[in-house]
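Treat the numbers as computed from the prediction; the structure is a model and nothing was measured. Index from 1, following the sequence. Note: hydrogens, waters and symmetry copies are ignored here, and every other heavy atom, side chains too, is used. Every number for a ligand or one of its atoms is a count from 1 in the order of the listing.
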Amino acid sequence: MYDLIIVGAGPAGMTAALYALRANKKVLILEAKSYGGQILLASNIENYPAIKEISGYDYSKNLYDQIKALGVEYKNEIVLKVDSDKTVTTNDNTYQGKAVILATGASSRKLGLKNEDILTGKGVSYCATCDGNFFKNKIVAVNGGGNTAIGDALYLSNIAKKVYLIHRRDDFRADKKSIKELKAKENIEIMTNRIIAKLNGTKKLDSITIVDNDGEQDTDIVVDALFIAIGQEPKNTIFTNVAEIDENGYFISEDGVHTKTPNIYIAGDARQKVLRQLTTAVSDGSIAAVVAIKEMSE
Ligand code: NAP
């Protein structure tokens with residue numbers, strides 16, 4: 001029996017583990033992929049208080065090492081079901097907890113194009129920091145207008161010969177400082193009001209077809225890689241027996257912590273919230289853990 005089972009080892013889940021472990025609780029953290037979650041994809045974090053600059057990888061590794069040193073049990077398993085009695089079923093095992101925190105985050109949004117799945121790993125990528133190095137001195141494109149896309153374009157501009165930044169509007173969501181840096185880079189070509197209509201290639205990505213917002217003016221751009229950075233989507237439908245979700249799949253909670261089920265809580269990007277950032281994810285994780293600990297002993 002665990003005091004706390006945490007589903008998801010992103011910043012929210014790992015911070016929840018940190019707080020529970022420091023309160024001397026027995027903690028299991030279950031993660032389907034690799035620890036770090038979406039922040040692992042961030043090439044550079046510059047807005048985390050008191051840390052001037054850190055890569056998403058280093059941040060994730062530091063936090064993981066911190067909770068490992070405190071004795072967390074970490075298992076790479078896929079959670080299939082959470083029951084209201086706090087039983088958690090994975091692809092491998094069944095675990096019993098006194099409390100459960102759902103910190104499931106979100107996954108990279110796909111463009112939904114015909115060859116997208118086939119070409120993933122063959123020129124199409126959702127992680128510039130993971131795959132960027134394969135494209136030294138090559139021509140690459142990044143799609144998106146948020147902090148991830150602009151960060152990716154800047155990161156790749158130091159590796160690739162040329163970077164196209166393709167965005168569907170002419171206004172960016174990314175912060176002004178990053179936009180300024182983007183515009184100053186000589187090997188980045190910014191293409192706004194453009195949509196990627198086709199991914200061309202069979203064995204690998206050869207080119208992309210972009211169209212303007214009116215769906216006119218097809219242009220083929222020869223690229224070695226396309227980095228898709230168009231935001232994230234939650235995947236919470238398997239938890240609707242214990243927690244409410246909205247029409248976009250985000251957990252709904254009046255106070256941002258509790259679900260409709262006693263001793264099952266939510267934290268991080270997976271929930272409805274105003275701001276999805278590292279700072280708010282770790283805040284959620286710490287609050288959920290403290291509330292869970294308090295309520296499990298009541
Ligand atoms: P985001 O801010 O949601 O931006 C997604 C971008 O993709 C938007 O520009 C959006 O265009 C575009 N987009 C969405 N769907 C699309 C589609 N189907 N086709 C084409 N374009 C599409 O996502 P994000 O950049 O991943 O960032 C997520 C959160 O993490 C944000 O709060 C961000 O600030 C934060 N973050 C922080 C850092 C950092 O601090 N270093 C790094 C990365 C991310 P529209 O603008 O037209 O909707």
Between [X] and [Y], do the side chains contain an N or O donor and an N or O acceptor separated by less than 3.5 Å?
X: Thr192; Y: Asp170; result: no
X: Asp85; Y: Thr87; result: yes
X: Asp269; Y: Gln232; result: no

Heavy atom of the protein closest to [atom] (residue, atom name, distance):
atom: atom 35 (C) of ligand 1; result: Gln277 NE2, 3.0 Å
atom: atom 47 (O) of ligand 1; result: Arg169 NE, 2.6 Å
atom: atom 30 (O) of ligand 1; result: Arg276 O, 3.5 Å
atom: atom 48 (O) of ligand 1; result: Arg173 NH2, 2.6 Å
atom: atom 23 (O) of ligand 1; result: Gly231 CA, 3.5 Å
atom: atom 28 (C) of ligand 1; result: Gln232 OE1, 3.7 Å
atom: atom 38 (C) of ligand 1; result: Asn147 CB, 4.0 Å

Nearest neighbour of [atom] from the list [options], on a heavy-atom basis:
atom: atom 16 (C) of ligand 1; options: Gln38, Glu46, Arg168; result: Arg168
atom: atom 44 (C) of ligand 1; options: Asp269, Thr148, Leu41; result: Thr148
atom: atom 13 (N) of ligand 1; options: Asp175, Val274, Ile230; result: Ile230

Within the structure provided, determine whether Asp175 and Asn147 are in side-chain contact (heavy-atom separation under 4.5 Å).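 Yes, side chains in contact.
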Are any of the side-chain nitrogens in [X] or [Y] under 4.0 Å away from the carboxylate oxygens of its partner?
X: Glu46; Y: Lys177; value: yes
X: Asp206; Y: Lys204; value: yes
X: Asp117; Y: Lys110; value: yes
X: Asp212; Y: Arg194; value: no

Mark up the atoms of ligand 1 that fall under 4.0 Å of a heavy atom belonging to Arg109, in ascending order.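 Ligand 1 atoms under the 4.0 Å threshold to Arg109: 14 (C), 15 (N).
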Could you list the atoms of ligand 1 found under 4.0 angstrom from a heavy atom of Ile45?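 Near Ile45, the atoms of ligand 1 are 41 (N).
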Mind checking whether [X] contacts ligand 1 via backbone (N, CA, C, O), side chain (CB onward), both or neither, at a 4.0 Å heavy-atom cut-off?
X: Asn44; answer: backbone
X: Asn47; answer: side chain
X: His167; answer: side chain

For the student: nearest non-hydrogen atoms of Val242 and Val82, plus distance: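 In this case the closest contact between Val242 and Val82 is CG1-O, 3.6 Å.
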Is the shortest N/O to N/O distance between Gly145 and ligand 1 below 3.5 Å?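 For ligand 1, there is an N or O atom that lies under 3.5 Å from one belonging to Gly145.
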Say whether Asn143, considering both its backbone and side-chain N or O atoms, lies within less than 3.5 Å of an N or O atom on ligand 1.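 The answer is no, given that Asn143 and ligand 1 share no N or O pair closer than 3.5 Å.
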Residue among Ile228, Asn115, Ile208 satisfying side chain to side chain contact (heavy atoms under 4.5 Å, CB included) with Val124: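 Looking at Ile228, Asn115, Ile208, the match for Val124 under the side chain to side chain contact (heavy atoms under 4.5 Å, CB included) is Ile228.
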Please verify the inter-ring angle class for Tyr74 with Tyr35; under 30° counts as parallel, over 60° as perpendicular, anything in between as tilted.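 Perpendicular.
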